[in-house]
Number of protein chains: 4
Amino acid sequence: MQNIVILAGNIGQDPETRNTQSGTSITHFTLATSRPRYSEGKVVRDKDGYRVQDTEWHRITAFNGLGKTIQQHCEKGMKVLVRGRIHYTKWTDQQGVERYGCEIIAETVDFLSRAKQTQNEDGKFIDDDDIPF
Amino acid sequence: MQNIVILAGNIGQDPETRNTQSGTSITHFTLATSRPRYSEGKVVRDKDGYRVQDTEWHRITAFNGLGKTIQQHCEKGMKVLVRGRIHYTKWTDQQGVERYGCEIIAETVDFLSRAKQTQNEDGKFIDDDDIPF
Amino acid sequence: MQNIVILAGNIGQDPETRNTQSGTSITHFTLATSRPRYSEGKVVRDKDGYRVQDTEWHRITAFNGLGKTIQQHCEKGMKVLVRGRIHYTKWTDQQGVERYGCEIIAETVDFLSRAKQTQNEDGKFIDDDDIPF
Amino acid sequence: MQNIVILAGNIGQDPETRNTQSGTSITHFTLATSRPRYSEGKVVRDKDGYRVQDTEWHRITAFNGLGKTIQQHCEKGMKVLVRGRIHYTKWTDQQGVERYGCEIIAETVDFLSRAKQTQNEDGKFIDDDDIPF
DNA sequence: TTTT
DNA sequence: TTTT
């Protein structure tokens, strides 16, 4: 049954891609979504008059082709819209403590800012077919 | 910017509600979403021929009025559709280790199964106005 | 840029499938979504005390494989969850008047009720691999 | 049951607001969402090498406070993210022909471009509290 | 821990 | 035209 996430926000760090032994490539980046804090129906401001924002930092994971497109065309600061699903992870850390994590597996990514252009080794720009807009 | 989650699944345990010192009530329940596992584009089956499902267990939080409606009308096994947002939490456990969590703050809940009816102390059923269908 | 629709509701009529000359198959069904009517923050009731519902009837279109799964496993009255996108259509009617329509192109359909089972010509049930749960 | 729409796109014309006799204010604007056309899994290009886009023009309706915020801070060309629901309308035109329409009732609007600033009659900028970011 |  |  459906597990759908839609996030529009800003990329926190340049994406990173690694390859697994099985040949799958995995791309990670972080995405900030913010919303103004409300208290009793009113916007909350700090002492300098700026609105207080609550920011959530999401860890986004993309595989293979979508991951490569992200690696080539996304960078820190870009605004993107991610559609995907929530996935929870569990592992044991070096102290033997059980740890839990949560990530968003991306299924589509739309660029809300101008996409970064990446040149290939031969100096040509990567084929725009990869850019989903 | 938008942080939207839509989950359709089954409730794992009866909801629990507690009240904070500030007068806010907080209701929690767990929700299972499942999807068939695919490998190379094909459904994966176990040795008995049943499809393998990957289940994600989400922790859902609802406040005040919505939480009370959930407490009164939801129970283990019911199918619901939750719309909400992702919220990450961080705390220090009793061993002094930093821990991270993830929960879904519910904004609406639709009942996809028949809602549980709860009687008040006077034996009357709680007003259906609370039930969102 | 994203155009995402998520609808949970009841199927109004058995789905219908037709084939185009180009070999694409197109499946249509209607889906009702309802919400209680509110006025000044309160549920509205009719003279018999029943809550007034506002129902929207959506026209859903699915192509090829997804359409065939719907044709085989969905019927009038079933509850489904559709994810898709809005598409507007325009045509000229027999009186030469320009007409506009709106349909939801389904990308995924989850069954929230028990799926209908369809027997093949040889009396066997269609392979469950088609059923998305 | 849920009827959720999420659209990210560009505003086609400056919003327009009118007031009904009952005191409700209604704001309308149009929003374009585009997606590259695919044929047999490949991007389609026109004779000049540009990708062919399919654009859907959505009619967005917002009421009262949300509508006023849109009127004050949105203009043609801005990028926005709308969350809302689909609503179908029916009316009889001047020739007595039954006509059908479809609109998106906005529940939230996020600005993906810099919001337009509007001055009040006294020359002051409208309170930023209205801007949802 | 749910469900089909 | 569905459903509760």
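All heavy atoms count here, side chains included; hydrogens, waters and symmetry mates do not. Just so we're on the same page: letters track the sequence lines, and every chain starts at 1.
- Using a 4.0 Å cut-off on heavy atoms, none of the residues of residues 74-88 of chain C approach DNA chain E.
- The nucleotide whose nearest atom lies closest to any side-chain atom of C:Gln53 is, among F:dT1, E:dT1, F:dT4, F:dT4.
- Distance C:Ile11 CD1 to F:dT1 P: 17 Å, rounded to the nearest Å.
- Taking only side-chain atoms of C:Gln13, from C-beta outward, the nucleotide of F:dT1, E:dT1, F:dT2 with the closest atom is F:dT1.
- Of the N and O atoms on the side chains of C:His58 and C:Thr33, at least one donor lies less than 3.5 Å from an acceptor on the other residue.
- Relative to the side chain of C:Thr55, the nucleotides E:dT2, F:dT2, F:dT4 differ in distance, and F:dT2 lies closest.
- Of the candidates E:dT1, F:dT1, E:dT2, E:dT2 carries the atom nearest the B:Asn10 side chain, counting heavy atoms from C-beta on.
- The stretch residues 61-81 of chain B participates, sequence neighbours left out, in no salt bridge (Lys or Arg N to Asp or Glu O under 4.0 Å) pair at all.
- Judged purely by distance below 3.5 Å, without hydrogens or angles, the side chains of C:Thr108 and A:Gln2 pair a donor atom with an acceptor atom.
- Of the candidate nucleotides F:dT2, E:dT1, F:dT4, F:dT2 has the atom lying nearest to any side-chain atom of C:Trp57.
- Between E:dT1, F:dT2, E:dT4, one nucleotide has an atom nearer to the side chain of C:Ser34 than all others, and that is F:dT2.
- Between B:His73 and B:Phe111, the angle of the ring planes lies from 30° to 60°, which puts this pair in the tilted group.
- Using modelled atom types, one finds a donor on one side chain and an acceptor on the other under 3.5 Å when comparing B:Thr61 with B:Glu103.
- Using a cutoff of 4.0 Å between basic side-chain nitrogens and carboxylate oxygens, A:Asp54 and A:Arg35 are not scored as salt-bridged.
- Rounded to whole Å, atom P of F:dT1 lies 16 Å from atom CG of C:Leu31.
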